Structures are given as structure tokens and as C-alpha cells.
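Okay, so here's the structure we're looking at.
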Number of protein chains: 2
Amino acid sequence: MGKDSLAGGTYGIPLYRELQRRLTRALSEGTWKPGEALPSESRLAQQYGVSIGTVRKAIDELVSGRILVRQQGRGTFVATHTADRLLFHFFHVVPRSDGHGRPPGTEREMPRPVLRSFRRAAAGATVARELGIDAGAPILRIDNLLLLGARPVIVDEISISAPLFPDLDRQRFEGRPGTIYGLYQADYGINVVRSNERLSAVACPPAIAKLLGLRARQPVLNIRRVAYTYADRPVESRVSWVDTREHEYLSDLWKSDPDHDR
Amino acid sequence: MGKDSLAGGTYGIPLYRELQRRLTRALSEGTWKPGEALPSESRLAQQYGVSIGTVRKAIDELVSGRILVRQQGRGTFVATHTADRLLFHFFHVVPRSDGHGRPPGTEREMPRPVLRSFRRAAAGATVARELGIDAGAPILRIDNLLLLGARPVIVDEISISAPLFPDLDRQRFEGRPGTIYGLYQADYGINVVRSNERLSAVACPPAIAKLLGLRARQPVLNIRRVAYTYADRPVESRVSWVDTREHEYLSDLWKSDPDHDR
DNA sequence: TCAAACAACTCATCTATATGAATCCTTCCA
DNA sequence: TGGAAGGATTCATATAGATGAGTTGTTTGA
């Protein structure tokens, strides 16, 4: 029975759920970094003084929540923000599928970001509420134009709490090797695991319309996303404006992932 | 070992997955109707000649896919289309949450439907493709206006394959006791278990605008939904027009359900 | 040197069993 | 008549172990 043994611990709540809580906390504390392997199931079982089946049950939900990834013969790993993961779990804009026989959601394409502005600002009421910080608190405000194919399709307005991302500046942001969530993860140990989006149709503001090559007041899809890390801690508030003339927003609550069979 | 034993059966694919396949097929054949209980886990184990753990694993995914519902001490039941289930899994339009401290998604309200028209028609190309039938095949076309509070917010244009719903007429449709999916289920044994939605922002057609109390060409949210039953068989194609001045579309891929913890 | 064989390790599947918790039904007694 | 007690049945949790499959690294042998 290892030093972290759960034996004789919490009452009322199941062992596997308590173990899950501890694993999640360890994850949020950076005990194992994204891409790294956790100890093997048998070692975890030994360490926490539970059976291997209980360890598997604790891990099961973290895997189905895309927080961990299991690989037979290799181990269990902390999920990383690869381009694929971004595409299938956090990026829902796809080419329209009107008419063609092709099933929706296939042939997704990685958006090419063009940085429009990077600056420090103070949180407005809405962003503050979404990020769980005080109104007026310092934030970083990043405006991006996303190209799909050759065409500008999305304008992203990103707000993140400045103290969470020390020393993040324009150079560093633009020089990131992968996705934005990959940057949060690799440079700041913040792993975005879930997001929540609220959509509405609005008349396009002139400034946005100019970027999208749209006439002002034309209908655009407005998306407010809040991205969360472990334990539902908000990390990023993002407002997107989507030109849906040639693209659409795909919401497929199940089977959104070709790899992940369930 | 029961007559349905899986022993010595399929090679290569796991027992629990084969059992899952058989259960799904039995479900689609109406062996157990919605609301009814399946045989107990121990009985299923006996019947199929597998251990109880394997039965649980087979059922696990059907439960997480909301196809079955487990109740400790009672049994395992085929999910039914209660108002709650509709609200949380198939109805994503909620009051805007701008400004208020209230978390998004709470305080949902059941829409009140007003039937605008019920008629027989021929499937157009898009609907035919979505329903997996031939273009020109007979369909039922139902137009609904949905009120949230006192206000008209959504126009629904529903298309279903006529042969799938024999003898369905306006009286029967309007006289249904519960939701539309409840009608499909109770009267035709068709259990909608999944849906897929594609959203875009468009200028509101005049006919729709009149119903929603909106000026023509104002931005509205256009939703194309295809609803599926077991084994990904399409059942319904629905086009919705949503007035998002006071409401918005909520897309929360995880924790959309207060009951269902995962 | 190269490649096959092997060993050691991982997660995946499957079994068997025990105990607890929730529900339902019957029995029994005041 | 009513309600408590008990028993039977259900799913929920937890354990222990066997076997299989996939991966990795090492050893062996031609």
C-alpha cells in the first residue's frame, strides 16, 4: 500500500471517483505534462492501494473526456493539443455540404491565422464574468483573421487573463509552432479540455465586414466561446464572427471524432 | 449457456462489442419498447453465455449514448422521450445570458408549438439525401411555430418519410400527448437517439419573418438538423429558423445534462 | 551486421466473486 | 388498516486473476 493510499479515506463517495479527483488535481498541478505518460495502471493501483479495475474505471472517464489518451502496449498519456484534436473538438466551422453527396464534417481544413492585433487591455463586464476575474482586470486581447482556403471566413477576438500568461507578447504569440491552445499548453502548462459555445445570428458590424469581404449589416454567425481547463476553470473568452455563405457550423454531439470509438 | 450464446462466435472483435451490436439490433427490432426494462444483467449474462462484467461493459456505452438508462435497484430501461430529455439533448435554444450572473443553459423552458401546416409532399434533393430516400419520394411536411414564453422564436419545417409513418395525419399529430419525438416513439416505434445540426446565419425570408415578427432580411439563425435512430438510420430532416434577438443556441459538448454525470 | 527470437512491459478483454445500496413486494403484527 | 420488518431482486462498487494483443528493447544466431 503506497503512501498515497486511499484506504480508509473518504466515506460515501466511491473509491474510483476519489482517485479520479486526485488524478485530475495532479494533472492540474502539472505532475504529468501534456504528452507524458502516467504511471502504468498496475503502478497506480499499487500506489493508491486500490485494484487495477478501480484505476481503469477512474481513468475511463478522463479518457472519454479527452483529458487522457490510452495506447495499448505503450501507456496512458496526457492529451496534447495536436492539430487534429483542435480540428475535431474545438473548431466547428466546415465547408457547406449542400447538394454534394459527401457526408458533413469530412474534409475539414486547418484554418490559417492572420494576426490583426495583440494588445493589453482591461476586462469588460462580460469577459470578466466569463473568465471569473474582476471587471477592469488586465487581459490580453488578440484579434485574428482566419483563412479557410484562400478566403477570410472567421474573425476571432480572444481575451485571456494577463496574469495567467506572464511574458506573453506579440513575438512569442506569432512564433508559436502549433495552435493557440498548444501554446497555452506548452508554454504555460494550461491544458484546455472543454469549451462552451453560444451562437446567434447578427448583422455584421462594419469593421468585421471589411475584414471578411462582406457588406456591412449582412448576416454573420456570432459565437461566444468560453474555454475551460481542468475542474472547469475558465481560461479563454473568445468572440468569433463567421461568414456562413460558404461555410457552416457543425454541431454533432456524438461521433464527432473518427478515431474515438464509443 | 443460453440459446443466444456468443461462445465460439465472432473472431477478432470483442465479445462485449458483439453483444452491444446484438442489443442494439434487438432494440431496433422493438424487442424491448421504450420505457420497458431489459432483462437483468445477470439474466443477460446467462442468456448470452458471458460474464456479468461483459454485459455491463456492453451496456455502458449504450447508457452513455442515452439509449438506455440504468436505475439502481430497478433495472435497465430503454430511454423514452420525456420533455426533459428533449430539452437537454435535442433543443438547444435558450434565453440569452448576456450580463446576468446566471450560468448559461439553466432556466430552460419548454417551447409551445403552434401547428401552421401539415401536408403530404415529394422529397426535394436535399431532404431526400438527408433521409436516405429517393428524390420525389412521398414525405410528410410539417410546419411549426414555436413560442418561448409568449414570443414566437422558432419556425420549424419538418420532413419525414411518409411510408415510415403510416396513417399519420393532422389530427393524430396535433393530438399527441407529448413531444414530436415522443410521438415517433410511442406510435411508430421509432426512437430518435442522436441528431446532427448544421448552423448558418442568413437573411430572413419574408414569409418566415412575418411569423417571427421580424423585418424581412434581418439576420436569423438557420439550422438544418437530421435526427437518427439506432444504427445511424436517418428519421427526420428539420430546418429551423431562429430569432436570436432574445435567445441563443447553446453548444456545450460536455456536461449538457444535469442528471447525467460523467 | 542484420534480422529473427525473445522477454518485459503496457493496456484490453474476460471471468468470477463479494459486498453495498436502492427498490419492490410480501409478510407479519399492533 | 396501516406500517414496520424482512427478503428478493436490481444495479453499483471493488477485488483478484487469467489471457490476449500491441510495443519496445535486448539478446541471440547465422
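Since this is a predicted model, take the numbers as computed values, not measurements. Reminder, nothing fancy here: chain letters follow the sequence lines and each chain counts from 1.
Nearest heavy atoms, A:Glu109 versus A:Gly149: OE2-N, 3.0 Å. The two residues A:Tyr230 and A:Ser28 make their nearest non-hydrogen contact at CD1-CA, 3.5 Å. Between A:Pro111 and A:Leu87, the shortest heavy-atom distance links the atoms CD-CD1, 4.2 Å. Residues A:Ser237 and A:Leu131 come closest through the heavy atom pair N-CD2, 3.6 Å.
When DNA chain D is scanned 5' to 3' for any atom under 4.0 Å from a heavy atom of chain B, the first and last hits are D:dT10 to D:dT13. When DNA chain C is scanned 5' to 3' for any atom under 4.0 Å from a heavy atom of chain A, the first and last hits are C:dT10 to C:dT13.
Ring centers of B:Tyr184 and B:His81: at least 6.0 Å apart, outside the cut-off.
Residues B:Tyr48 and B:Val55 fail the side-chain proximity criterion, which asks for heavy atoms closer than 4.5 Å.
Both A:Gly73 and A:Thr54 lie close to DNA chain D; mapped to their nearest nucleotides by heavy-atom distance, the more 5′-ward contact belongs to A:Thr54.
By the 4.0 Å N-to-carboxylate-O rule, A:Arg224 lies too far from A:Glu197 to be salt-bridged with it.
With rounding to the nearest 0.5 angstrom, the CZ atom of A:Phe173 is 5.0 Å from the CG atom of A:Asn144.
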